[in-house]
Amino acid sequence: MKNRKLLMIPGPVEFTPDVLQAMGSPTTSHVAQIFIDAFGEALANLRKVFLAPSGQPFIVAGSGTLAMDMVAANLIEPNDSVLVVNTGYFSDRFAKIFERYGAHVTHLHGKSPGDAPTLEEVESALKSVRPAFLSITHVDTSTGVSVDVKSLAALGRQYDTFVLVDGVCSLAGEEVRQEEWGIDAVLTASQKAIGVPPGLALAVAGPRAMQKFKNRATPVGNFYADWNEWLPIMEAYEARKPSYFGTPAVNLVWALRVSLQEILGEGMEPRFARHRRLSRAFRAGIDALGLKQVPTRAELTATTLSAIYYPEGVDATLLKAIDEEGVLVAGGLHPAIKTKYFRVGHMGSVSASDIMATLAAIESGLARCGYKSEPGIAVAAAQKSLSIEETR
Ligand code: PMP
């Protein structure tokens, strides 16, 4: 019997066989030419995946939180002001990091968990606060809320801010266009839609951000994250030359090289479209089961994950019931509603059959918890959604 479960949490996600095989390739020296070539290729391809033709990519061993720390440490200076468009737990985290580097943070929340401030509210806060930075969590993994980064970044630019985007739960799944949208720095981690096991912090800084970094009046207050150390390393790898600051995660870089090739092989537009199509099908299934989602408005729902309230009479025991059906999903994370909802990741190499298997497991899990629904209703709704789109 196959005893491997389908991993449908919002990261780490399922990885492709070629990525996992690359992880298992022999570890070379970090100055071996074969590794330098792989790192150089990964940097160049990262620019393409981030749609950041003039950006400076950074690939550093660490999790997404390090990528946040790195962006903040290198761009924020004491007494800078930051306006945080706050959509949940990870917006709070970025704010705490900014404060650690001496920034004054103003939070702008939606009305309740699952909501987001409107563009009008953000504009009026920009007018009154006049911040140096606008911080945006593209998809807050705690609420499944996705904000309109394109319009927010345009507003941020209009009010002369540097625009920082946490794209950990969006990049390479949900549409992000660093250069075209005027984002100054955007970051992610390897374990989500980028499709590589946990352990790589990835960031791209645009030319304005790099200039801001170079013009700093104060030293970078973090040793490991300091771009003064990492920039020459990234430049050396792209020039196919050996270099050293901290030992790179050699096997993760093998895997990243393969994953970025796979992502570019699919194409960014088809990849964004696949995430849209599969998330619509998943949501059709969830709606058919009569479950309510955490995002308060349809336009706020992410394509990379869904956050779903337990129905009346059901609690977190549902997670175990779904697990027993062979699928792993995640519990709640936002402190205000933590025990009331669960989360399902559908990003990266996710396929229509993963969506069907997950919906079937949720439906059976709900039935075990005493929730009544017509057998097969979720899968049927998802199938219908997919077939409608196919005939469009
Ligand atoms: N930001 C967002 C939106 C995230 O989803 C996460 C991880 N779930 C992080 C930041 C932090 O990443 P990591 O757990 O890899 O440190």
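In listed order, ligands and their atoms are each counted from 1. Basis for what follows: all heavy atoms, side chains included, without hydrogens, waters or symmetry-related copies. Sequential numbering from 1 along the given sequence is applied to the chain's residues. The model shown is predicted, which means the values in this text are computed figures rather than measured ones.
Looking at heavy atoms from C-beta onward, Val163 lies in side-chain contact with Ile136 at the 4.5 angstrom threshold.
Geometric assessment of Arg257 against the ring of Phe39 yields a negative cation-pi assignment under the 6.0 Å and 45° thresholds.
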Contacts table for residues 149-156: side-chain donor-acceptor under 3.5 angstrom, sequence neighbours left out:
| unit_1 | atom_1 | unit_2 | atom_2 | d |
| --- | --- | --- | --- | --- |
| Ser151 | OG | Asp148 | OD1 | 3.2 |
| Ser151 | OG | Asp148 | OD2 | 2.5 |

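For Trp230 and Tyr224, the distance between ring centers is under 6.0 angstrom.
Under the rule for a side chain to side chain contact (heavy atoms under 4.5 Å, CB included), the partners of Ala302 that lie at least two apart in sequence or sit in another chain are Val139, Ser146, Glu174, Thr304, Leu305.
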Enumerate, one pair per line, all nitrogen or oxygen atoms of ligand 1 lying under 3.5 Å from a protein nitrogen or oxygen, stating the separation to 0.1 Å; write 'none' if no such pair exists.
| unit_1 | atom_1 | unit_2 | atom_2 | d |
| --- | --- | --- | --- | --- |
| ligand 1 | 1 (N) | Asp166 | OD1 | 3.4 |
| ligand 1 | 1 (N) | Asp166 | OD2 | 2.6 |
| ligand 1 | 5 (O) | Thr141 | OG1 | 2.3 |
| ligand 1 | 5 (O) | Lys192 | NZ | 3.0 |
| ligand 1 | 8 (N) | Lys192 | NZ | 2.7 |
| ligand 1 | 15 (O) | Gly64 | N | 2.7 |
| ligand 1 | 15 (O) | Gln191 | NE2 | 2.9 |
| ligand 1 | 16 (O) | Ser63 | OG | 2.5 |
| ligand 1 | 16 (O) | Gly64 | N | 3.3 |
| ligand 1 | 16 (O) | Thr65 | N | 2.8 |
| ligand 1 | 16 (O) | Thr65 | OG1 | 2.5 |

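Applying the ring pair (Phe, Tyr, Trp, His ring centres under 6.0 Å) test to pairs two or more places apart or on separate chains, those with a residue in residues 296-334 are Tyr310-Phe342.
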